[in-house]
Amino acid sequence: MTSAVLQAINGVSLAALLFLLASGFTLSFGLMRVVNMAHGAYYLFGGYIGLTLAEKTGSFAVAIVGGGAAVVVIGFLIDRFLIRRTGENHLAQVLLTVGVAFVIGDVALALWGGDNLKVQAPAFLRGAVVLPGEIYYPMYRFVLIFFGVFVGALLWLLYHRTQLGAVVRAGVDDREQVNATGINVDRLFVMVSGLASFLAGMAGVVGGAFLTLYPGAEWEILVYALVVVIVGGLGSLEGAMIGALIVGLLDAYGRWLLPEFSYFVLFGPIALLMLFRPRGLFGREH
Amino acid sequence: MDHARIVFGLVALAAALALPYYAGPFWTGLATQMLIFGLLALSVDLLLGHAGLFSLTHASFFAVSAYTVAILQVRYGVSTALAAPAGICAGTLLALVFGLAVRTRGVYFILITIAFGFVVWGVAHRWSSFTGGDNGVTNVPFPALGGLAVTSHTQYYYLVLAAVVACGLGYRVLIRSPFGLGLRGIKASESRMRSLGFRTGLHLYAAFVLSGALASFAGVLYVYYNKFVNPVAASFPISVEAALMAIIGGTGTIIGPFIGSGIVLGLRNWVSSFFELHLAVMGAVFIAAVLWAPDGLVGLAGRLRARMERAKEAGRP
């Protein structure tokens, strides 16, 4: 019983991390129709920058902001000079951004080496928290759940309760119409893709403190994020939340009950969805 | 078929047949790889070039069939006559399951096939009691059929060449058949094909399974050449590279994927001899291919030829 509860907490805290990554992916698809396969590489790169910053300054907050900001810069350049040129051709975008991910991954390997590296969490987040029922749980992963909820709530408010969010939602529905009303769609794109990049880089620092960073981590985390958006539906923030929870819990219980097939557990929800709802829970026609 | 193409085909075949005599073992080995991965790229292109579906899970069929052959031959001492067909069957069975993906289109299809590919990679990687984990399965022998056994890489090259030529001819028949025309019809306009009474979902599903079977066959050829198989065979870069080969060479053609495979493998071999970051170089090739040669080299050649013909016509009085 205790382990079942532990796995549930594990699942939810993984879901918090996955949400950070998947929300950016899904928002940039929803608004800009861009499939950015380099998102995993953004995660890894942000994590590595954060790692170096945490070592240099000793501050986790600096690491998170710095890791996110570094990815915003790189993401902007890649968006402007490469992705923009593919128009709305998804095939070209996928190939191009996979290429970008290979380049980033290989450069990161050259700079940070091939070992598993761990971002140093701040002192007050180390150690364990005692939950009701004498359950000891790592403080860091426990707090991560609240951080995920906090970011999710901020994004939800931004998306549904601000003027910027209204413009973005309108852009998701009908981009030409938004452009025709005189809103600078181009600037909107830069802002949303910047936000997505920041979330990915920040996720790298946050995830790097408990999942560690290593070559190949970019693809492992990307697949989880992809399953999240497939399950939740591309372009939907709520879908990313629900999808992250489903994938996080399935993964935690999968690792516990079927350790050798934990990846296989991810296959189940996608297969079922394809039979009954090919566009995901909250997805629409694209 | 015009005469120029027949002559070109015969010259290419003669050059391929004579290759081991003038090129030496290194180039013969590279040519074997080029043919095997070209076949994998061709299987990807059946969906990409003819049906308009971009699959990124073909390394799965390739690897599952390679693993099946390796495990049967090495661990259970099964003969090639049984292991090779079993490999193709295993890969094709997986394609029957993954074929579910044709219920989706566009981006969803791409993303779902990526996720499927990682599932297979994850199983190969983590189910170490059966797949051997990261070490994989080693010491796969050359194929032997009854009293006939392949004993050298040169002999194996000829076997692969024969298999690839046979597949190429079969593929040609397939894409010129009503089935192949139907596929291209779906690529051009699925709704129109549906209103003409075609069951487009079933059509695409059949194409997906056929394409998976072809990728499985490439996997069989691969494992006998490589002598071992590990999770790398199932990994995402293999799937993307196969698609890249088809795109660089030119989609919707038969020779294109093989040209693309030659370019990608040749480039990787050359680059990795002096530069450590060869994955970064591959990434740069992806980017360059997308930005500057979206129709591939065959497409580029076609465009150049069209321009020359236009120039010629303009020059006429």
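Both backbone and side-chain heavy atoms feed into the values below; hydrogens, waters and symmetry mates do not. Residue numbers start from 1 in every chain, and the chains themselves are labelled A, B, ... in the order their sequence lines are given, proteins ahead of strands.
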Per-residue contact mode, [X] against chain A (heavy atom under 4.5 angstrom):
X: B:F54; result: side chain
X: B:I287; result: both
X: B:S235; result: neither
X: B:F98; result: side chain
X: B:L100; result: both
X: B:V281; result: neither

Toward chain B, the part of A:V100 with a non-hydrogen atom under 4.5 Å: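 For A:V100, backbone and side chain are both near chain B.
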
Part of A:L226 within contact of chain B (heavy atom distance under 4.5 Å):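 Answer is side chain: those atoms of A:L226 sit under 4.5 Å from chain B.
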
Contact leader toward chain A among B:G283, B:A288, B:G117, where contacts are heavy-atom pairs under 4.5 Å: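 Highest number of pairs under 4.5 Å: B:G283.
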
B:S216, B:S211, B:S239 screened by side-chain hydrogen bond (donor to acceptor under 3.5 Å, both in side chains) with B:H58, the one that passes: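 With B:H58 as partner, side-chain hydrogen bond (donor to acceptor under 3.5 Å, both in side chains) holds for just one option, B:S211.
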
Chi angles and distances behind the ring pair (Phe, Tyr, Trp, His ring centres under 6.0 Å) call for A:H90, A:F29: CA-CA 10 Å; A:H90 293 312; A:F29 180 82; 5.8 Å; yes

Side-chain ion pair, A:R80 and A:D186, N-O less than 4.0 Å: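 Yes, charged N to carboxylate O under 4.0 Å.
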
Salt-bridge present (A:R255, A:D251; N to O < 4.0 Å):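 Yes, charged N to carboxylate O under 4.0 Å.
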
Aromatic ring pairing B:F62/B:F37, orientation class (parallel under 30°, perpendicular over 60°, tilted between):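 Taking B:F37 first and then B:F62, their aromatic rings sit tilted (interplane angle of 30° to 60°).
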
Modelled atom types, side-chain donor and acceptor of B:D45 and B:H50, under 3.5 Å: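 Looking only at side-chain atoms, B:H50 and B:D45 do not form any donor-acceptor pair under 3.5 Å.
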
No-hydrogen, no-angle side-chain donor-acceptor test under 3.5 Å, A:E220 and A:Y214: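 A pair is found: one side chain offers a donor N or O, the other an acceptor, under 3.5 Å apart.
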
